[in-house]
Amino acid sequence: MTKKSSKNLLDTVDTFIGDTAVFEGNISTEKTISIDGILKGNIVKAAGVLIGAKADIKGDINAEVVMIAGKITGNITALESIEILPQAVVAGDIKTNILTVQEGAHFEGRSSMIPDAEENGAEKQ
């Protein structure tokens with residue numbers, strides 16, 4: 001699995017929820033979603049999720065890569081990585097391959113690692 005950079009994530013953003021928007025419901029996309037407003041619902045599938053500093057999410061996230069600067073109350077599963085930035089507030093359980101929690105971030109929950117595909121036999125024939 002190749003690690004996606006934040007620049008690559010920004011290049012593939014196809015869905016935006018602006019800082020004055022409130023969205024209720026579930027979202028699924030093949031690309032990246034950027035959220036700066038309020039989301040009450042789940043991100044069922046996404047290549048990447050960028051959560052801005054003003055964002056407030058109440059729901060679960062399933063994606064390849066997640067970067068958090070805002071607030072989320074819910075569980076997060078990211079196949080590649082999760083990065084929690086200094087001002088972020090995360091309340092929920094996390095499952096990922098790479099977890100980065102920067103100084104100043106608030107994380108309350110459990111974290112567990114997702115093994116690489118090779119390690120759990122997914123690529124063996």
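Because only heavy atoms are used, hydrogens play no part in the values below, and waters and symmetry mates are left out as well, while side chains stay in.
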To check you understand the geometry: which heavy-atom pair defines the closest contact between [X] and [Y], and what is its length?
| X | Y | result |
| --- | --- | --- |
| Asp36 | Gly52 | OD1-CA, 3.1 Å |
| Glu80 | Asn97 | O-CB, 3.3 Å |
| Pro86 | Gln102 | CD-OE1, 2.9 Å |
| Ser28 | Val44 | CB-CB, 4.5 Å |
| Ala69 | Leu85 | CB-CD1, 3.8 Å |
| Val66 | Ala78 | CG2-CB, 4.0 Å |

Look at the side-chain heavy atoms of Ile, Leu, Val, Met, Phe, Trp and Tyr, link any pair under 4.5 Å apart, and say whether [X] and [Y] land in one connected group.
| X | Y | result |
| --- | --- | --- |
| Phe23 | Val49 | yes |
| Val13 | Met67 | yes |
| Ile43 | Leu99 | yes |

Flag the pair Thr77 / Ile114 as yes when at least one side-chain heavy-atom distance between them is below 4.5 Å, and no otherwise.
yes
Please tell me if the side chains of Ile76 and Ile68 come closer than 4.5 Å, counting only heavy atoms from C-beta onward.
yes
Distance check, rounded to the nearest 0.5 Å: [X] atom [atom1] versus [Y] atom [atom2]?
| X | Y | atom1 | atom2 | value |
| --- | --- | --- | --- | --- |
| Thr15 | Glu30 | OG1 | CD | 11.0 Å |
| Glu64 | Lys45 | CD | NZ | 9.0 Å |
| Ile27 | Asn42 | CD1 | CG | 9.5 Å |
| Ile51 | Ile35 | CD1 | CD1 | 6.0 Å |

Check this for me, if you would: do Arg110 and Asp93 make a salt bridge, where the nitrogen-to-carboxylate-oxygen distance has to be below 4.0 angstrom?
yes
Connecting only ILVMFWY residues whose side-chain heavy atoms lie within less than 4.5 Å of each other, what is the rest of Ile38's hydrophobic cluster?
Val22
Can you sort out the partners of Lys58 under side-chain hydrogen bond (donor to acceptor under 3.5 Å, both in side chains), two or more places apart, ordered by chain and number?
Asp56
Please confirm whether the backbone N or O of Asp60 pairs with a side-chain atom of Asn75, one donor and one acceptor, at under 3.5 Å?
no
Of the options Val101, Ile61, Ile82, which is the one that meets Ile94 in a side chain to side chain contact (heavy atoms under 4.5 Å, CB included)?
Ile82
